[in-house]
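Read the structure below first, then the notes.
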2 protein chains.
Amino acid sequence: MDRIDGIPHYVRIREEIRENLLSEKLKKGDRLPSEEELAAFYGVSRMTLRQGINDLIDEGLLYRRHGVGTFVSKNHLMRDHSRLNGFNQQPEPSSDEITEELLSASIVQAKAHVAKALGIEEGDESIRIITLRCIDGEPITIHDIYLPRVLFKNVKLGDIDAAMSNLWEFYSTHGNVIKNGIQRLEARQAEGEIAEQLKLESGAPILYKERTLYAEDGTPIEFLYCYNRGDMYSVTIRLQR
Amino acid sequence: MDRIDGIPHYVRIREEIRENLLSEKLKKGDRLPSEEELAAFYGVSRMTLRQGINDLIDEGLLYRRHGVGTFVSKNHLMRDHSRLNGFNQQPEPSSDEITEELLSASIVQAKAHVAKALGIEEGDESIRIITLRCIDGEPITIHDIYLPRVLFKNVKLGDIDAAMSNLWEFYSTHGNVIKNGIQRLEARQAEGEIAEQLKLESGAPILYKERTLYAEDGTPIEFLYCYNRGDMYSVTIRLQR
DNA sequence: GAGTGGTCTAGACCACCCG
DNA sequence: GGGTGGTCTAGACCACTCG
């Protein structure tokens, strides 16, 4: 009740409970002590305790049953692509060596589809960035990225190569913080240039993705076409009711 | 402060604000009155007001900026497959006629992959349901569903045809309420029986999906293989930071 | 400095579940 | 009936943003 580290009590409590989950002091299916007991233990009011617990419930680690108690979920905590976490955490952790190569950076006039996604007019300037990602030298993903020029006025194309290792941070430094997004997935066949760049036969399966990313207030920041080799890539999504 | 309809104040407030968003009394980008004002207006304490607002923020309809105010997101509210809502709401609303046909229902011994997903032993009994979904008579999706027999002891195979229109409700009536899940998507090529049933050439692109659904406590309830015609199906996912 | 949201309290009463 | 979570209060002080 007298901690003044600047971190809120409910955050401290949340992380302490998370620790107990990771170290399995709290095991799958266990019932936690009652909220009243926990609040007393942590020296906070019940409302504050609940604020911490709520976060863990949102993450799917705990669940409540009215009149019964609060429990540890039996869920395996699986990789979760429905949470945003930047590009570079996405590749499989098992992979050996991941490289990302800038194929081109340019200023282009937005075509209708891109303009609509970015909320700009057709023909307005946009920054186009094309990258190739490889695992152990095998090409696996092509990104074709569009940014509204108006949100990145001071950017020079030469800056982009250095920024590529963490594009989201690059957006942030220009005042554009990614908050949420929407993506659409399709199965397609490799063709033409895309097939060549991914070293695929024409007709091989491609996991095709379109994605728009937004700032907190809903301003579109990035639109992306993404072509993934079907035989080397899958997307995992957590579903939450 | 004296409503006794049995509905919590924060729910009533949340829905009233949602109404104002839908009817555009609150427009994209608008700032809401301060929490203190709103709490006074609705006749509740500030904590209660915030509980209602928090739900709308979780849905992405509003956002807060510390020291500034609470605002209406500019986000388009798009279709969202990362929220669970049962099978039958998933097909495109624009589609004309959707039919779902039961191809088979049987008791089978779980193979290794299915058993692992369902948390049962290899060889244990599971209920297998295969369905074909068509739009305007065109086959579009095959579902190959597995349920742990032990969770559906009283079920007769003959019951399944009637239950198919709403499988999730069927699960609920047997005490298995779907709470969350995980799915994995891949691009593949149509082959053999799957190609035939979807009336595709061998090699045509397929959006392949595996999904496991869980109850609140993490018990697996359903495991599913799903084969979608690549040229007629896409999956849309909302990303939330 | 004025106004906003962020955190927190120390209680209270209710609804639900179980033996 | 006893214990649990669900809702709610009427304040308080702090941290942040902006003019």
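Note on naming: letters A, B, ... go to the chains in the order of the sequence lines (proteins, then strands), and numbering restarts at 1 for each one. We use all heavy atoms of the structure for the numbers below, so side chains are in, but hydrogens, waters and symmetry mates are not. Given the structure is predicted, the values throughout are model-derived calculations rather than measurements.
- Classification of the B:H113-B:F223 ring pair by plane angle, with boundaries at 30° and 60°, yields perpendicular.
- Between the side chains of A:N228 and A:R133, no donor-acceptor pair is found at a separation under 3.5 Å.
- Within 6.0 Å of atom CD in A:E16, more than 12 heavy atoms from other residues, nucleotides or ligands are found, so the atom counts as buried in its surroundings.
- Only one option out of B:L147, B:I127, B:I129 pairs with B:E222 in a side chain to side chain contact (heavy atoms under 4.5 Å, CB included); it is B:L147.
- Of the two residues contacting DNA chain D, namely A:G69 and B:R46, the nearest-nucleotide position lying further toward the 5' end is that of A:G69.
- Straight-line distance from the CZ atom of A:R12 to the P atom of C:dT7: 14 Å, rounded to whole Å.
- Within the 4.5 Å cutoff, the side chain of B:R50 has no heavy atoms near those of the B:I57 side chain.
- Residue whose closest nucleotide on DNA chain C sits further toward the 5' end, between B:P33 and B:M47: B:P33.
- The shortest distance between the side-chain N/O atoms of A:Y10 and the OP1/OP2 oxygens of C:dC8 is not below 4.0 Å.
- In this structure, A:R31 reaches the D:dT4 phosphate: one of its side-chain N or O atoms is under 4.0 Å from OP1 or OP2.
- In this structure, B:Y42 atom OH and D:dA10 atom P are separated by 18 Å, rounded to whole Å.
- Taking atom CZ of residue A:R64 and atom C1' of nucleotide D:dG6, one finds them 9 Å apart after rounding to whole Å.
- Between D:dT9 and B:T48, a contact under 4.0 Å exists linking OP1 or OP2 to a side-chain N or O.
- Between A:R50 and the phosphate of D:dG6, there is a side-chain N or O to OP1/OP2 separation shorter than 4.0 Å.
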Show your reasoning for whether side-chain contact (heavy atoms from CB on, under 4.5 Å) applies to A:I221 and A:F152.
-> CA-CA 10 Å; A:I221 294 178; A:F152 296 91; 4.1 Å; yes
Please list, for nucleotides 15-19 of chain D, all pairs of protein and nucleotide N/O atoms separated by less than 3.5 Å.
from: D:dA15; atom 1: N3; to: B:H66; atom 2: NE2; distance (Å): 2.9

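- Between A:H9 atom NE2 and D:dC14 atom P there is a gap of 13 Å when expressed in whole angstrom units.
- Between A:T70 and D:dT4 there is no side-chain N or O to OP1 or OP2 distance below 4.0 Å.
- Classification of A:E19 and A:K25 as a salt-bridged pair fails, no side-chain N sitting under 4.0 Å from a carboxylate O.
- Comparing C:dT9, D:dG5, C:dG5 by their nearest atom to the side chain of A:S45 picks out C:dT9.
- One atom, CG of A:L49, and another, P of C:dT9, lie 10 Å apart when rounded to the nearest Å.
- Atom pair A:I13:CD1 and C:dC8:C1' shows a separation of 11 Å (rounding to whole Å applied).
- When heavy atoms are screened at a 4.0 angstrom cut-off, B:E36 is found touching no nucleic acid atom at all.
- Across the protein-nucleic acid pair, B:Q51 atom CD and C:dT7 atom P stand 15 Å apart, rounded to whole Å.
- When rounded to the nearest whole Å, the span between CG of A:L38 and C1' of D:dG6 equals 16 Å.
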